[in-house]
Amino acid sequence: MSNEYDIIVVGAGHAGCEAAVAAAHMGSRTLLITMNLALVAQMSCNPAMGGIAKGQIVREIDAIGGMSGVVTDHTMIQFRMLNLSKGPAMWSPRAQCDKTHFSLYWRHVLENTPNLSLRQDTVIGLTFDGDAVSGVVTQMQRTFFAKKVILTNGTFLNGRIHVGEVNFSGGRIGESAAFQLSDQLRKRGIKVAKLKTGTPVRIDGRTIDFSKIVEQPGDEQPHSFSFTKTPKLTNQKSCWITYTNEEVHQVLRKGFEKSPMFQGRIQGVGPRYCPSIEDKIVRFADKERHQLFLEPEGRETIEYYLNGFSSSLPEEIQVEAMHLIPGLEKAEIFRPGYAIEYDYFDPTQLHYTLESKCVPNLYLAGQVNGTTGYEEAACQGLMAGINAHLSIQNSEPLILNRSQAYIGVLIDDLVTKGVRDPYRMFTSRAEYRILLRQDNADERLTPVGHQLGLVSDYRYKRFLHKYRVQNAISDYLREHLAEYPRINELLERKESSPILQNMRLAQLLLRPQITLADLIDFDQNLQKFISDLNATPEETKNAETAIKYESYIQKEEEMVERMSNLENVKLAPDFNYEQLACVAKEAKEKLSQVRPVNLGQASRISGVNPADITALMIYLQQKKEK
C-alpha cells in the first residue's frame, strides 16, 4: 500500500463514503480509512433515508452525481412520498431501507470506484507541514500523507454511551471511540464542544402483537430517489403505528432520578427536533400520548426499530414502560436505547468549501460539524470531497447558494450561524422552497455535476431529453385552447366554474380542481400529443407543476434577484469591523468571528440586525467613493 495520496478521508459513514467516491471519481488518488470495513455507511439510528427536506437533499446529492440515492433505491423496502396533501414544494420522499443490505451495497460501490483505496484502521493523529495538515497517523503505526485530509468521524470523537447510571466510551454501541484528535485540533485553534444524540430499543418482531397496532403501508406507486434508472421497488414491507399513554409516562418518570440527562452526567445538548421520550414527556407535559413507529430493519431480519422512543433511562425502566404500549405488552428487546455524547467542531470556523479556517488543507464533514442525520452528513461529505479535489487542481470551488439547493442552505446555516443543538434540515429553513422542490433537483444541479465530471455524458443527454419533453408539454398547454362549450362537461364534473369562451389549457390548469390527467383524459388531441412524445408520468407531472406554480416561481426568482445584490457585495477576509462606529457591539463581535464573505452572508448572522447591515453598506459605499 502506498503512503502518499491526494486525499485521505477518515471515517466511512455517510459523509465519508460520499466524500471518498466523489474525490476518486473526479480523479484524485484517495484513501478511505475506517475502523471497520464491515460497517461502512452504517444506519446506526433508524433504517430510513429521506423525509421532510431530507428527501430533497438525497435527490440533490443524486443530481450532482453522488451515490446515496442510488444505494437507497437498491436497498429500500418501503417508499412513501410525504406531505402530498400540501403543495409540491413540501413533497418529500422517504424510504425504509434494508439496514444490512444498505451497508453492503455501499461497500460494493466503494470497492468498484477507480482511484479509491480502502484501509481498516483507526486514525489517532494528524501530521502537519507548518500550520497545514499533511497526513494522518494510525493505530497500526502507519503514516499516510496527502494534500488534503477530510475528517468525517461522526459520533466517534471522544464518544461516551449512557444507559441510566451505566456509561462507557464508544462511538456506537459495540464500537470503540476515537481519542486524541479533538485535543490535537483544539491546540490548533479549533473550538471543540459536545453534543448528544440517542437511539431507542430494538425489538424482536416475533414478540410484537401486530393486531393491536395500525399498519402503515408504502405508496401503491413507489417512486425512486435517483434520477438514473434503478430497480423498481416491489414487495414492500409495512411500518406500524402505536402510541404511548399516561401509564407509560408515569413509569418513565420513575427513572428520572437515574437519568444521565436530568442528573447532569450528560453535558452535551441533544437534538431539539428529535428529543428522547423522557425529554418529550417533560417538554410536552400536557400531551397524554406520543406517536411511535415500528420500523422493520430489513427483509431478512425480525428486528424492529421503535421510532420516537429514544431513551437513556435505565434498561429496566425502558422495558417496563415499553410493556405498557399497545402491541408491545410482551415485547422482548435485542438491545436497550442509549444516549451518546461526542465532540463536534464549531462550524463557523469553516469556509464555504468546508475547509477549516484554522488548519489549511483540513476539511470537516458530517456530525463533526454539529449536524444530525444521514442525509445532512452525506451532502457535506459530497461537497468536501468535490472541493478538496478542486483545490488540488487550483480550480474554482463549488459553492451552492441558498436559492440553488437545500445543500446550500445547510452549509450557509452552519458556517454563518453555527449550531447550539444538532442541526436538522427542515423545509422551513429555506426561503426559496418553491424553487428547491424534490422533482426539479436534477434541473438545478445535474449541469453542475456534468461539468464536474460526476455525471456521465449519457446521463446528461437523458437529462436534456427529459426537459425537452417537459417544456414541449408546457408549451402545448400554453398555446392550445380548450373548446367551449364542450370543456364545460369536464368543469361541471369537477365542480369548477364553466367558461363562456375558448380558454387556453394552461389557464384551466391553474384551477385547483383541474389536473393535467383530467385534461389528458378529456382532450384526445392532448392525449395524442403526450403519447407521441412518449412522455413518462414524471415528465407530465413536472410539466403540470411548472404551469400551476408559475406565478409563485416567478415571485421567488424575483426575490433571489433582489437578494443577489447583497451577495455581490464582497467583504475582505481581514476587514476590521471594530472601526464601524454605527454598528452594535454584538454585531461587531459576530462579524469578526464569522468573517462573512459578502453582505448577504453578513445579513444572516445571528445578532446582526438590518440597521447594522445598512451602516456597513454606507461605510463601504463611502470608502468606494473616496
* Verify side-chain hydrogen bond (donor to acceptor under 3.5 Å, both in side chains) between Ser226 and Ser224, making sure each step is shown before the conclusion. => CA-CA 6 Å; Ser226 180; Ser224 59; over 6 Å; no
* To do: Apply the test salt bridge (Lys or Arg N to Asp or Glu O under 4.0 Å) to residues Asp98 and Arg299: give CA-CA distance (whole Å), side-chain angles for both, the deciding distance (0.1 Å), then the verdict.
  => CA-CA 6 Å; Asp98 186 304; Arg299 292 195 187 279; 5.6 Å; no
* To do: Kindly indicate, with the supporting measurements, whether the criterion side-chain hydrogen bond (donor to acceptor under 3.5 Å, both in side chains) is fulfilled by Lys590 and Ser606.
  => CA-CA 8 Å; Lys590 294 293 181 65; Ser606 301; 5.9 Å; no
* Begin with the C-alpha distance, continue with both residues' side-chain angles, and end with the deciding distance and a verdict on side-chain hydrogen bond (donor to acceptor under 3.5 Å, both in side chains) for Ser134 and Thr127. => CA-CA 5 Å; Ser134 60; Thr127 62; 2.9 Å; yes
* Would you check, one step at a time, whether the test salt bridge (Lys or Arg N to Asp or Glu O under 4.0 Å) holds for Asp343 with Lys194? => CA-CA 5 Å; Asp343 289 348; Lys194 287 195 177 293; 2.6 Å; yes
* Asked: Between Gln367 and Thr155, is a side-chain hydrogen bond (donor to acceptor under 3.5 Å, both in side chains) present by the stated rule, with each step listed?
  -> CA-CA 7 Å; Gln367 283 181 281; Thr155 60; 5.0 Å; no
* To do: Please step through ring-ring contact (aromatic ring centres under 6.0 Å, His included) for the pair His74 and Phe225, ending with a clear verdict.
  => CA-CA 10 Å; His74 277 87; Phe225 277 90; over 10 Å; no
* **Residue pair Leu382, Ile64: steps toward the side chain to side chain contact (heavy atoms under 4.5 Å, CB included) verdict** => CA-CA 9 Å; Leu382 176 66; Ile64 297 173; 4.1 Å; yes
* Between Gln42 and Phe102, does a side chain to side chain contact (heavy atoms under 4.5 Å, CB included) hold up when you go through it step by step? -> CA-CA 8 Å; Gln42 177 80 337; Phe102 188 92; over 6 Å; no
* Check step by step if side chain to side chain contact (heavy atoms under 4.5 Å, CB included) holds for Leu454 and Met26. => CA-CA 7 Å; Leu454 292 174; Met26 293 175 74; 3.7 Å; yes
* Using the side chain to side chain contact (heavy atoms under 4.5 Å, CB included) rule, take Lys466 and Glu538 through it: C-alpha gap first, then chi angles, then the decisive distance, then the call. => CA-CA 9 Å; Lys466 172 186 173 180; Glu538 180 187 11; 2.9 Å; yes
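Between Met383 and Leu398, the closest side-chain pair of non-hydrogen atoms falls below 4.5 Å. Between Val136 and Val149 there is a side-chain heavy-atom pair separated by less than 4.5 Å. Side-chain contact between Gln438 and Met81 is present, with heavy atoms from C-beta onward closer than 4.5 Å. In this structure the side chain of Asn3 never reaches within 4.5 angstrom of the side chain of Thr143, judged on heavy atoms. Within the 4.5 Å cutoff, side-chain heavy atoms of Gln601 are placed close to those of Tyr352. Contact of the Met49 side chain with the Ser68 side chain is registered, since non-hydrogen atoms from C-beta on lie closer than 4.5 Å. By the 4.5 Å heavy-atom criterion applied to side chains, Val9 and Tyr363 are not counted as neighbours.
Asn401 places a side-chain N or O within 3.5 Å of a backbone atom of Ser403 that can act as its donor or acceptor partner. Within the 3.5 Å criterion, the main-chain N or O of Gly50 finds no donor-acceptor partner in the side chain of Arg94. No donor-acceptor pair under 3.5 Å is formed between the side chain of Ser28 and the backbone N or O of Thr30. Between the side chain of Gln120 and the main chain of Leu37, a donor-acceptor pair closer than 3.5 Å is present. For the pair Thr113 (side chain) and Leu116 (backbone), a donor-acceptor distance under 3.5 Å is absent. With hydrogens and angles ignored, the 3.5 Å screen pairs no side-chain donor or acceptor of Glu60 with any backbone N or O of Leu445.
No side-chain N or O of Ser92 forms a donor-acceptor pair with one of Lys54 less than 3.5 Å apart. In summary, the side chains of Tyr467 and Asp442 do present a donor paired with an acceptor at a separation below 3.5 Å, with no hydrogens or angles considered. For the 3.5 Å distance criterion, the side chains of His25 and Asn115 fail to qualify, holding no donor opposite an acceptor. Donor-acceptor pairing under 3.5 Å is lacking for the side chains of Thr371 and Asn369.
For the pair Arg595 and Phe575, the cation-pi test (distance below 6.0 Å, angle within 45°) is failed. Judged by a 6.0 Å distance limit and a 45° cone about the ring axis, Arg188 is positioned over the six-membered ring of Phe128. With Tyr423 as the aromatic partner, Arg429 meets the cation-pi criteria of under 6.0 angstrom to the ring centre and within 45 degrees of the ring axis.
A centroid separation of 6.0 Å or more is found between the aromatic rings of His465 and Tyr460.
A salt bridge is defined here as a Lys NZ or Arg NE, NH1 or NH2 lying under 4.0 Å from an Asp or Glu carboxylate O, and Arg142 with Asp121 fails to meet this definition. Salt bridge absent: Arg424 and Glu376 never bring a charged side-chain N and a carboxylate O closer than 4.0 Å. Between Arg604 and Glu567, at least one side-chain N (NZ, or NE/NH1/NH2) sits under 4.0 Å from a carboxylate O, which counts as a salt bridge. Looking at Glu175 and Arg172, a side-chain N of the basic residue comes within less than 4.0 Å of a carboxylate O on the acidic one, giving a salt bridge. The existence of a salt bridge linking Arg59 and Asp62 is excluded, since no basic side-chain nitrogen approaches an acidic carboxylate oxygen closer than 4.0 Å. Salt-bridge check for Arg402 with Asp412: passed, with a basic side-chain N closer than 4.0 Å to an acidic carboxylate O. Using a cutoff of 4.0 Å between basic side-chain nitrogens and carboxylate oxygens, Arg437 and Glu556 are not scored as salt-bridged.
In this structure, OG1 on Thr152 lies 11.0 Å from NE2 on His14, to the nearest 0.5 angstrom. Rounding to the nearest 0.5 Å gives a distance of 10.5 Å between CG of Leu599 and CG of Asn565. A distance of 13.0 Å separates CZ of Arg420 from CG of Leu195, quoted to the nearest 0.5 Å. A distance of 4.5 Å separates CG of Leu410 from CG of Leu414, quoted to the nearest 0.5 Å. Of the inter-residue distances, the one linking Gln349 atom CD with Glu355 atom CD reads 13.5 Å to the nearest 0.5 angstrom. Between the NE2 atom of His223 and the CH2 atom of Trp91 there is a distance of 8.5 Å, given to the nearest 0.5 Å.
Pairing each heavy atom of Ala472 with each of Leu533, the nearest pair is CB-CD1, 4.1 Å.
Between Tyr5 and Phe144, the ring planes lie tilted relative to each other; the angle falls in the 30° to 60° range. By the 30° and 60° cut-offs, the orientation of the rings of Tyr105 relative to His101 is perpendicular.
Around the CG atom of Asp131, the shell of radius 6.0 Å holds no more than 12 heavy atoms that belong to other residues, nucleotides or ligands. Gln451 CD: 12 or fewer foreign heavy atoms inside a 6.0 Å radius. With a 6.0 Å radius and a threshold of 12 heavy atoms from other residues, nucleotides or ligands, Lys461 has its NZ atom at or below the threshold. Dense packing is recorded around CG of Asn471, with more than 12 heavy atoms of other residues, nucleotides or ligands lying under 6.0 Å away.
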